[in-house]
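Just below is one structure, and these are the notes that go with it.
Just so you know, ligand 1 is whichever comes first in the structure, and atom 1 is the first atom listed for that ligand.
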Amino acid sequence: MEQSINLSYKDDMLSYDGFRNEVLHDYRMAIFSREVSLLGRREVLTGKAKFGIFGDGKELAQIAMAKFFKPGDFRAGYYRDQTFMFATGLASAEQFFAQLYADTDIKNEPCSAGRQMVSHFATRFVDDNGNWLDLANRKNITSDMAPTASQMPRALGVAFASKCFRNTPHLRKYDHLSHNGNEVCFCTIGDASTSEGHFLEAINAAGVLQVPLAIFVWDDGYGISVPKSHQTTKGSISAALKGYQKLDGTNGIQIYKVKAWDYPGMCEVFEEGIQKAREIHTPVLFHVEEVTQPQGHSTSGSHERYKKPERLQWERDWDCIKKMREWIIENAIGSEEELQVFENEAKNQVRECRDRAWENYLLPLRLQVEKVVDLVKGVVVNDIDTQNYLLKLSTNLQQNPEHFRRHIMRTLALAIDAAPHSPTIDAVKQYYQFLLAQNAKIFDSFLYNEGPKSISRVEEVKPLIPFDAQQYNGYEILNKYFDILFTNNPYVFAFGEDVGMIGDVNQGFAGLQLKHGENRIFDTGIRELTIIGQAIGMAIRGLRPIAEIQYLDYLVYGLQPLTDDVATLHFRTFGQQSCPVIIRTRGHRLEGIWHSGSPMGMIINALRGMHVCVPRNMVQAVGMYNTLLRANDPAIVVECLNGYRLKEKMPANLLEFTVPLGIPEIIKEGDDITIVSYGSTLRIIYDAVERLEREGISCEIIDVQTLLPFDINHLILASLKKTNRIIFIDEDVPGGAAAYMYNKVMEEQGGYKWIDVAPRTLTGKAHRPGYGSDGDYFSKPNAEEIATTIRLMINE
Ligand SMILES: Cc1ncc(C[n+]2csc(CCOP(=O)(O)OP(=O)(O)O)c2C)c(N)n1
């Protein structure tokens with residue numbers, strides 16, 4: 001640990017007075033933020049808030065960092081960055097406390113309306129109609145997440161979007177989104193989280209791509225209790241990353257080391273590094289060492305359990321604020337008395353912020369409590385026991401020092417249970433219903449876009465198939481479509497493994513890179529996680545990426561950012577950020593353990609918040625892409641791997657027709673049984689049905705088309721009412737997507753009322769198919785099995 005502070009501060013731009021004012025202003029900011037941390041922790045320990053995690057120890061580094069954060073820039077960080085938020089003016093202490101209390105009013109808690117834990121920041125990116133704001137002229141905070149290093153793929157993508165804007169001339173006119181790609185993505189991460197693969201994959205990709213990404217590693221030596229000797233090779237992330245260092249004539253990243261207590265040193269180094277990122281798109285990493293954590297990791301536990309007394313003493317001695325204070329006094333920038341005044345002021349200011357936030361949080365709850373107490377006391381009953389019980393209910397609610405919505409709801413529900421026949425109970429019931437609706441808006445809204453950019457608002461346009469339409473291979477239909485799409489829609493980009501030069505492994509983009517440019521259709525490294533990250537960053541900045549995962553089996557590598565970031569983003573920001581990525585992939589029906597995948601159950605359960613499209617052919621896929629591009633929600637489109645060489649008729653209105661999501665299609669009518677499926681399995685079903693029809697069994701085949709959303713108008717139920725028999729068939733494991741469809745129709749649609757024989761699911765086996773052409777036949781539903789099962793059902 002170094003024992004000296006570099007006192008030189010080089011900034012010729014400032015007069016001495018300007019310099020002094022700035023230093024004192026920064027000191028005040030640092031102690032203000034520290035007070036927030038100290039008081040925040042107390043609020044949790046006294047029971048007013050549930051959990052606290054704070055940025056104490058990182059104040060100076062973040063004040064220095066904030067100096068170079070310009071309008072148009074983005075931050076993709078984690079839960080330690082409160083000082084940065086205060087210093088940039090993007091959050092106030094009052095808002096910080098509102099989030100600590102989980103205030104659900106977006107006016108008080110503008111990051112997430114109480115949905116996220118404290119220190120999970122965000123700013124608004126889209127307006128209520130789903131239009132992108134002028135991000136190029138504002139300072140932007142991408143919504144934080146708790147999983148360690150989950151910000152890395154997105155940070156890479158946000159920086160990559162700057163490169164797209166800079167290198168794509170036809171995007172210049174969108175100057176509300178970018179000014180020539182000058183925007184830097186500031187990314188923060190804890191030292192221990194650099195152990196995650198996400199970090200290393202993002203570093204490699206940034207070094208290859210050369211994007212304006214500035215990574216700040218807050219190195220406090222621990223990941224909760226585990227020291228960095230157990231986390232990082234050589235115990236130092238900057239030492240471990242040496243091979244990635246950019247040298248003359250190479251790509252790579254610029255690596256700097258600074259000390260968290262060295263305020264002037266950090267200002268100087270950050271300025272130099274950020275300038276490199278902004279001007280020449282060199283990624284930079286600042287390894288900020290000797291960070292302390294005065295209050296330990298979080299409110300769950302104390303660091304005395306794992307830090308030795310000497311370490312704790314060192315942290316006290318090298319606390320960044322203490323060091324800045326000493327430096328100010330030693331250099332006569334400010335006096336002891338002056339600083340003391342600031343310190344007292346900060347304490348009072350923070351207390352006032354806390355009190356206002358608490359009052360704002362309580363006010364609507366108090367009003368609800370008062371109303372409920374009046375209502376419950378006003379319930380007329382004619383037995384004394386019930387009357388006493390109701391009185392007790394209302395008194396308990398009134399006297400409960402904790403104000404939670406659930407106590408209010410419970411009190412109302414208990415009162416309704418106790419006096420169901422009271423002549424005055426209707427008022428209680430009405431208020432209960434009113435609050436149920438209000439709470440649904442608070443806790444159960446914005447999973448998807450709800451306004452004009454909702455997919456449900458996309459008008460259906462049928463494909464125009466001319467009478468004499470020619471037949472094409474499926475991949476040729478896609479190829480023609482993408483060509484027209486890229487000609488007409490300047491926002492779209494397509495990329496992934498082998499997408500650029502050869503135009504994807506199934507030729508959907510063949511020849512299109514040459515025509516539309518390497519900046520719009522391009523290859524990436526084999527790194528599914530950060531391919532998704534690139535898509536996320538581009539989409540949240542207003543572009544429309546089509547990111548390819550080469551085969552569905554490899555989606556698992558990119559699933560974490562999809563499930564944690566993409567699927568939750570609109571929900572966790574209360575509709576303020578949208579991420580309309582389109583993940584294009586191909587799967588189903590083939591053989592081999594990693595070339596046969598159809599894990600649709602896993603996908604639909606992991607990706608609530610996205611749409612899941614399973615087109616049976618490429619024309620349907622095109623219609624789905626058109627629908628998705630007219631709205632703002634994220635989606636995955638699983639094309640049929642064995643469908644690229646099947647013949648289809650080319651619609652005349654390729655760019656205009658839409659396939660509405662959540663609307664199944666009856667692809668063959670019949671009277672005896674309803675067969676529900678999707679994707680490649682439909683072709684196997686056709687094979688079986690041809691035989692069954694010859695035997696006189698009339699089958700209705702329904703293609704659900706999308707699993708999320710699922711049959712919103714209950715068309716399957718209407719079919720079941722006619723046939724009274726139903727079977728759900730797919731290639732997933734037992735209990736996977738077929739069970740989901742079964743549940744939807746039987747329980748949600750009330751299908752159980754219309755069945756004559758036991759409904760069935762017919763799925764793949766629990767294992768994955770072996771390699772060789774027989775693999776799928778014996779491991780996935782085959783035509784013989786389907787026919788046999790349906791005959792049994794007909795004869796039952
Ligand atoms: C994927 C994941 N694993 C584990 C955790 C639990 N966890 C939260 S913070 C943390 C330690 C992070 O340490 P570091 O990256 O050094 O950041 P610091 O909190 O020290 O600033 C852990 C293990 C998590 N949030 N996410």
Side-chain angles (χ1 to χ4, degrees), residues 33-34 37 40-41 44 50-62 65 75-85 116-121 143-155 186-203 215-233 235-238 240-241 260 285-307 311-312 315 318-320 529 532-533 556-565 567-568 572 606:
S33 183
R34 178 64 61 89
S37 302
R41 185 175 169 86
V44 178
K50 192 156 189 160
F51 172 75
I53 194 149
F54 306 103
D56 43 317
K58 290 139 193 94
E59 290 90 351
L60 297 195
Q62 292 181 19
M65 171 186 168
R75 168 189 159 281
Y78 78 118
Y79 50 77
R80 293 286 180 211
D81 296 345
Q82 73 197 47
T83 313
F84 176 80
M85 294 299 294
Q116 289 243 63
M117 286 174 168
V118 75
S119 299
H120 289 66
F121 302 104
S143 170
D144 292 339
M145 290 178 285
T148 47
S150 58
Q151 67 275 32
M152 295 308 303
R154 170 162 37 108
F186 287 53
C187 170
T188 62
I189 185 165
D191 59 304
S193 301
T194 65
S195 309
E196 297 278 13
H198 290 48
F199 176 81
L200 295 164
E201 190 174 312
I203 289 283
I215 302 170
F216 299 77
V217 181
W218 309 139
D219 183 353
D220 62 9
Y222 293 83
I224 307 186
S225 67
V226 182
K228 63 182 174 184
S229 55
H230 288 23
Q231 301 274 6
T232 311
T233 299
S236 159
I237 194 61
S238 50
L241 291 178
L285 180 136
F286 303 104
H287 182 188
V288 183
E289 297 183 291
E290 300 188 16
V291 177
T292 66
Q293 209 169 69
Q295 301 190 106
H297 177 77
S298 71
T299 51
S300 326
S302 87
H303 57 161
E304 283 80 11
R305 275 196 303 156
Y306 50 83
K307 286 182 188 163
R311 168 76 195 189
L312 290 166
E315 290 202 17
W318 289 86
D319 184 303
C320 63
L529 183 72
I532 302 292
V556 178
Y557 276 60
L559 196 60
Q560 187 278 328
L562 289 175
T563 184
D564 286 329
D565 199 351
T568 67
R572 74 180 195 265

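- Proximity of H198 to P147: side-chain heavy atoms (C-beta onward) are nowhere separated by under 4.5 Å.
- By the 4.5 Å heavy-atom criterion applied to side chains, R75 and D81 are counted as neighbours.
- By the salt bridge (charged side-chain N to carboxylate O under 4.0 Å, His left out) test, D565 is found to be paired with R154, R572, residues two or more places apart in sequence or in another chain being considered.
- Residues meeting the salt bridge (charged side-chain N to carboxylate O under 4.0 Å, His left out) test with E196, sequence neighbours left out: none.
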Quick one: do T83 and E59 satisfy side chain to side chain donor-acceptor pair (under 3.5 Å)? Show the steps, please.
CA-CA 6 Å; T83 313; E59 290 90 351; 5.0 Å; no
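- With sequence neighbours excluded, the residues satisfying salt bridge (charged side-chain N to carboxylate O under 4.0 Å, His left out) with D219 are K228.
- In this structure, ligand 1 sits under 4.0 Å from heavy atoms belonging to Y78, Y79, R80, A146, P147, T148, G190, D191, A192, S193, E196, D220, Y222, G223, I224, Q293, H297.
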